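The structure presented is a predicted model; accordingly, all values stated were derived computationally and were not measured. Note on naming: letters A, B, ... go to the chains in the order of the sequence lines (proteins, then strands), and numbering restarts at 1 for each one.
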Number of protein chains: 2
Amino acid sequence: MSTVPDTPPRSPKAEQTRQSIIDAAMRLFRTNGYEKATMRAIADEAGVSIGNAYYYFSSKEHLIQAYYDRINAEHAEAAAAALAGTTTFSERLGAVLLAWVDVAEPYHEFAGKFFKTAAEPTSPLSPFSSESEATRLAAIDLHREVIDGSDLKLAKALRAELPELLWLAQMGVVLFWVHDTSDGQQRTRLLVRQAVPLIDRALRLTRLPGVRGLVDDVVGLVRTIKPKP
Amino acid sequence: MSTVPDTPPRSPKAEQTRQSIIDAAMRLFRTNGYEKATMRAIADEAGVSIGNAYYYFSSKEHLIQAYYDRINAEHAEAAAAALAGTTTFSERLGAVLLAWVDVAEPYHEFAGKFFKTAAEPTSPLSPFSSESEATRLAAIDLHREVIDGSDLKLAKALRAELPELLWLAQMGVVLFWVHDTSDGQQRTRLLVRQAVPLIDRALRLTRLPGVRGLVDDVVGLVRTIKPKP
DNA sequence: ACCAGGAGTTGAACACGTTCAAGAAGGAGC
DNA sequence: GCTCCTTCTTGAACGTGTTCAACTCCTGGT
């Protein structure tokens with residue numbers, strides 16, 4: 001769930017300091033927003049020196065990662081709860097996506113700033129970066145669970161790639177969400193509610209004679225394009 | 001084509017200074033990269049003071065806009081040339097997308113920095129922003145031309161929305177491209193070459209009995225979700 | 001010619017993220 | 001106790017993007 005710490009914890013004391021810095025950062029991000037929460041202010045709030053904050057987190061961006069992890073952890077929990085008792089694919093996918101919108105809602109205000117940072121390919125916060133691999137794989141696994149616990153019948157090849165594709169779709173939802181200025185991000189919820197049944201129908205169509213070959217080729221393309229061999 | 005300048009030009013002299021700053025920035029971005037090209041260095045190269053550079057461009061990010069405009073202008077030209085003489089949809093779409101990759105190649109190194117700026121929803125550089133509407137509409141029109149000049153036969157509703165959807169696909173290519181670290185962005189070119197025929201096939205499948213209803217609903221969803229009325 | 005007022009220009013100053021040389025604290029082996 | 005080494009901690013200092021009060025220059029009106 002949690003990504004690899006910047007520096008491996010050595011003593012309990014050190015781990016405690018590490019946590020207090022994260023807590024301070026969380027508090028200030030929430031109350032003051034991203035820009036106002038300077039490294040000096042965070043270090044101050046945590047009762048340590050600036051240099052010490054940098055001893056544990058090699059950059060401000062790395063500090064934000066803790067924030068990301070928290071959202072992801074909350075989502076994993078909320079999604080698990082929402083998945084319990086649902087069996088249809090539509091219900092399950094919708095539950096997971098809407099759970100994310102719910103969990104992320106309090107963070108929407110600064111989400112733009114976070115997004116900006118995460119968008120840069122070299123940033124450790126990028127959803128495609130190696131630093132966030134653990135988080136990414138966990139999220140993909142969640143979608144695998146969505147599929148496995150459902151009634152969906154698919155060709156083996158597609159079934160194998162689908163979790164990653166659904167995760168990509170989720171990233172699309174996030175992109176839409178970040179730009180969504182509607183009250184309570186209603187438009188994003190509308191998008192999810194309407195798109196999910198369509199995805200369901202589309203997936204069930206993949207077994208159609210004329211469509212099948214195309215799907216195989218799409219899967220082949222995905223495999224060609226995916227991360228380095 | 002060109003977006004609104006940060007400050008409206010007053011005197012010819014001022015416009016000249018403005019241009020010399022852009023030129024200096026271009027030169028330093030190319031030779032030194034984004035971070036090394038400091039505002040002080042740019043101002044120095046342009047023969048003006050730091051404060052003066054900020055008089056014309058309210059931030060370093062705003063300087064990038066000039067780059068954005070240049071890429072778009074070059075692409076429009078290259079795409080028009082590449083489209084001449086092609087008739088099949090695959091050829092035409094591929095030509096436009098590959099032309100973009102070609103045009104953008106020299107800028108790939110610091111594209112991540114540009115992307116970071118453009119990712120923030122409130123940024124005028126965001127491809128979804130109202131400030132970049134003119135550029136966006138021009139790009140969408142380019143895709144309309146791709147379709148209109150081709151042999152593709154589609155339902156009217158889909159045909160109407162397709163240019164925007166293709167533009168969205170192009171944004172997806174850009175996203176992939178930004179993260180593509182392969183030599184000369186070969187992987188992006190591979191993606192385009194392989195994905196284009198698949199898009200072609202998928203579009204031709206939309207007339208299939210079982211698929212048709214789904215496509216109609218997707219078009220309906222797109223219309224529901226699109227920008228505010 | 002003069003003036004008023006806006007356009008254009010300047011560089012010192014500010015706050016920020018980050019680095020680093022220096023030191024303090026802690027523990028393992030003796 | 002002492003020594004040595006690693007872990008942990010410090011704050012001054014650096015370079016950056018950006019701001020701003022003050023300045024000069026230019027232009028139109030009289």
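Helix-axis bend for the helix from C:dA1-D:dT30 to C:dC30-D:dG1: the local axis fitted to the five terminal pairs at one end deviates from that at the other end by 10°, rounded to 10°.
The two residues B:Y107 and B:E74 make their nearest non-hydrogen contact at OH-OE2, 3.2 Å. The nearest pair of heavy atoms linking A:K116 to B:A119 is CA-CB, 4.4 Å.
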Worksheet item: How would nucleotides 9-19 of chain D be written as a contact map, 5' to 3', with B for base contact, S for sugar-phosphate-only contact and - for no contact, using protein heavy atoms under 4.0 Å?
Response: BBB-B--BBBB
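Taking a 6.0 Å sphere around CD of B:E109, one finds it holds 12 or fewer heavy atoms contributed by other residues, nucleotides or ligands.
Distance CZ (B:F57) to C1' (C:dT9): 15 Å, rounded to an integer number of Å. Here C:dG8 presents its P atom at 13 Å from CD of B:Q16, a figure rounded to the nearest Å.
For A:R144 and A:E164, the salt-bridge test fails: no basic side-chain N is under 4.0 Å from an acidic carboxylate O. B:R92 has no carboxylate O lying under 4.0 Å from a charged side-chain N of B:D148, or vice versa, which leaves the two without a salt bridge.
At a threshold of 4.5 Å between non-hydrogen side-chain atoms, the residues B:D44 and B:I50 do not count as touching.
Residue pairs meeting the salt bridge (charged side-chain N to carboxylate O under 4.0 Å, His left out) criterion with at least one partner in residues 22-37 of chain B, sequence neighbours excluded, are B:R27-B:E45, B:E35-B:K113.
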Under 3.5 Å, which N/O atoms of the protein pair with N/O atoms of nucleotides 22-25 of chain D?
none

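In this structure, the ring-ring contact (aromatic ring centres under 6.0 Å, His included) partners of B:F114, at least two apart in sequence or on a different chain, are B:Y68. Every residue meeting the ring-ring contact (aromatic ring centres under 6.0 Å, His included) condition with B:F128, not counting sequence neighbours, appears here in chain and number order: A:H179, B:W167.
B:S132 and B:S129 share a side-chain donor-acceptor pair at under 3.5 Å.
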